[in-house]
2 protein chains.
Amino acid sequence: MPKTAAAGKPARAPAKTVKTAKPAKVKRALPRAPAARSPAAVSRRLRQIEDKRSVILTAALGLFSRFGLHGTSIDQVAARADVSKSNLLYYFANKEELYVCVLRDLLAVWLEPLRGFSPEQDPRKAIGDYIRRKLVISRDRPDASRLFCLEMIQGAPLLRDELGRELRDLVERKSEVIRQWVADGKLAPVDPHHLIFALWATTQHYADFGVQVQAITGRTLDDPGFFEEAVDNVQRIVLQGASAHADSASGR
Amino acid sequence: MPKTAAAGKPARAPAKTVKTAKPAKVKRALPRAPAARSPAAVSRRLRQIEDKRSVILTAALGLFSRFGLHGTSIDQVAARADVSKSNLLYYFANKEELYVCVLRDLLAVWLEPLRGFSPEQDPRKAIGDYIRRKLVISRDRPDASRLFCLEMIQGAPLLRDELGRELRDLVERKSEVIRQWVADGKLAPVDPHHLIFALWATTQHYADFGVQVQAITGRTLDDPGFFEEAVDNVQRIVLQGASAHADSASGR
DNA sequence: GTCTATAATATGATAGAC
DNA sequence: GTCTATCATATTATAGAC
């Protein structure tokens, strides 16, 4: 694993007994359009390449999201994608590159829903919608959610830069929106960061801890009844809170 | 890895090219009190053994919680525990056993705080206290939280049984308490399962996604000010909700 | 109990024919 | 582009001396 010792290191505990640490070979770039040929043929070929890459990436996501980078072998990904190992290594120079590609595809999906927040919206509606959309993702792309979680747990060695930049900026912008809502009295006085964390946590939980959810409730988000139940409850908890309110019977 | 093919299998994608699948050797049991000796000497020895096991387990938790089972080598654990690899393998028959031991220690810690809930408590205080206690754990034992999360993501292959039994029973008992609170009008009408999920998710988030939290806020729970901020905000969100209430300015 | 080999093997990656 | 060897190595686990 410590083949490329210097660059963006993957999640692995620092080896104690390092032998020699080879001088980091430079890998070839991805197969790109070779040069001139009939335009139609080129585009057809490019599409085929992209398709195959995509098949591999999907297979990789499924395995990485369950077993992590080290728990998954190239062989397994290849088998799942129905290509040979060497063929896979033709499309992705090495395992780590494959992993990073999977992650990179993820981040975009990940940041998307948050972009929706804008000051002129009704915050209750905006937040309610956001919860639903994130739960849809937890239902339809639990593997994406899990891989993201896995990467976070490991300290996000391959996303750290993006985290520090893209994510942070987006969160800052949306925090400003939330602050505005609070200032306008449309939202209870709550710290935007912690509110965003609560939104992320409560919704992703159904994907990342899906096994636990199923062990306890016996159901999954694929069950439409349970899905709506989850949406409704998360929305109620985050928006109204669990305390009894004035309009219901009040204890103490 | 597919050495013991049958039993409680660890989180690894099913290998495609299985060679022979050996007939699962029976491993020796742990070193236990050999027999008769001076009682004092025996107890001293036993303590030493337990101490060493404990040191190894702690080192293992630290690494497993970051890099997972497959991302951690026995060598690394041994180095961190400051014992030789062979010596480690004297105390734990194999890597998997070590991993399971670490997990087993965890579950107890994990279930503890929830036991606190009882019907005669004021729910707001009970839930508020629970949030604080879980955040203390997220602060003081983030590695425990992360490993638990890792295991869940992977489908909890080694905890599945316990999940189905212990955890489920405990949650059922506490759900009954919550239902009682709701029936008494002390709590808003909320499904106990989803409330418990929300409590877990919002509090563990600060440990499991600690890197993200730090990337965004620049702070960690080790900062006392941030810790109190987190406690306060999570309590407010879960108990009162984010919506503006009657007593504050009401938008629309 | 602890150590030094060393066996056994899984897996990442490359070379080179076609 | 795809395949069949094949190499190289990291790592688990055991054997056996002390």
Side-chain angles (χ1 to χ4, degrees), chain A residues 1-5 10 12-22 24-28 30-34 37 41 44-46 48-53 56 63 67 69-79 81-99, chain B residues 1-4 10 12-22 24-28 30-34 37 41 44-46 48-49 51-53 56 63 67 69-79 81-99:
Chain A
M1 187 47 51
K3 210 51 167 311
T4 53
R12 174 118 221 175
K16 192 75 180 190
T17 37
V18 179
K19 301 265 174 168
T20 29
K22 283 188 181 178
K25 273 188 192 172
V26 175
K27 290 313 191 55
R28 75 185 186 292
L30 303 187
R32 287 293 174 216
R37 198 173 290 221
R44 205 181 325 123
R45 163 147 309 189
L46 274 179
Q48 273 184 350
I49 288 179
E50 278 316 304
D51 281 0
K52 199 153 191 179
R53 278 179 67 90
I56 294 170
L63 290 166
F67 311 107
L69 174 62
H70 303 294
T72 305
S73 71
I74 296 184
D75 249 338
Q76 290 159 353
V77 176
D82 205 40
V83 302
S84 74
K85 180 166 67 164
S86 338
N87 197 211
L88 187 155
L89 285 169
Y90 172 78
Y91 287 93
F92 298 89
N94 54 50
K95 189 181 174 181
E96 204 183 302
E97 180 186 305
L98 173 60
Y99 187 75
Chain B
M1 184 49 48
K3 210 52 170 303
T4 52
R12 175 117 219 173
K16 193 73 181 190
T17 35
V18 179
K19 299 266 171 169
T20 29
K22 284 188 179 177
K25 272 188 192 173
V26 176
K27 290 313 188 59
R28 74 184 186 294
L30 305 187
R32 285 297 174 212
R37 198 173 291 220
R44 206 179 324 126
R45 161 146 313 186
L46 275 178
Q48 274 184 349
I49 288 179
D51 281 359
K52 198 152 191 180
R53 279 179 66 91
I56 294 170
L63 290 166
F67 311 106
L69 173 62
H70 303 294
T72 305
S73 73
I74 295 183
D75 247 341
Q76 290 158 353
V77 176
D82 204 38
V83 302
S84 75
K85 179 167 67 166
S86 337
N87 197 212
L88 188 156
L89 286 168
Y90 173 78
Y91 287 93
F92 298 90
N94 54 50
K95 189 182 176 181
E96 204 184 303
E97 181 188 302
L98 174 60
Y99 187 75

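In what follows, every chain begins at residue 1, and chains take the letters A, B, ... in the order their sequences are listed. The figures that follow rest on heavy atoms only: side chains count, while hydrogens, waters and symmetry mates do not. Keep in mind it's a predicted model, so treat the numbers as computed, not measured.
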Looking at every heavy atom in both [X] and [Y], which two are closest together, and how far apart are they?
X       : Y       : result
B/Leu98 : B/Val77 : CD2-CG1, 4.2 Å
A/Phe92 : A/Arg53 : CE2-NH2, 3.5 Å
A/Ala81 : A/Ile56 : CB-CA, 3.9 Å
B/Asn94 : B/Leu89 : CA-CD2, 4.0 Å
B/His70 : B/Lys95 : CA-NZ, 4.2 Å

Where the side chain of [X] is defined as all heavy atoms beyond and including C-beta, which of [options] is the nearest nucleotide?
X       : options               : result
B/Ile74 : C/dA13, D/dG1, D/dA13 : D/dA13
B/Asn87 : D/dC3, C/dG1, C/dG12  : C/dG1
A/Tyr90 : D/dT12, C/dC3, D/dG1  : D/dG1
A/Ile49 : D/dA13, C/dG12, D/dG1 : D/dG1
A/Arg45 : D/dG1, C/dG1, D/dT14  : D/dG1

No-H, no-angle donor-acceptor pair, B/Ser84 side chain to C/dT4 base, under 3.5 Å: no
Round to a whole Å and report the spacing from [atom1] of [X] to [atom2] of [N].
X       : N      : atom1 : atom2 : result
A/Leu89 : C/dT11 : CG    : P     : 14 Å
A/Leu88 : D/dT2  : CG    : P     : 11 Å
B/His70 : D/dT12 : NE2   : P     : 11 Å
A/Lys85 : C/dG12 : NZ    : P     : 7 Å
A/Ile56 : D/dT2  : CD1   : C1'   : 12 Å
A/Phe67 : C/dT11 : CZ    : P     : 13 Å
A/Leu98 : C/dG12 : CG    : C1'   : 13 Å
A/Gln48 : D/dG1  : CD    : P     : 8 Å

Can you find a side chain N or O atom of B/Lys52 that sits less than 4.0 Å from OP1 or OP2 on C/dT2? yes
C/dT2 phosphate, OP1 or OP2, under 4.0 Å from B/Tyr91 side-chain N/O: yes
Heavy atoms only, 4.0 Å cut-off, all strands: where does A/Ser73 land among base, sugar-phosphate and nothing? sugar-phosphate
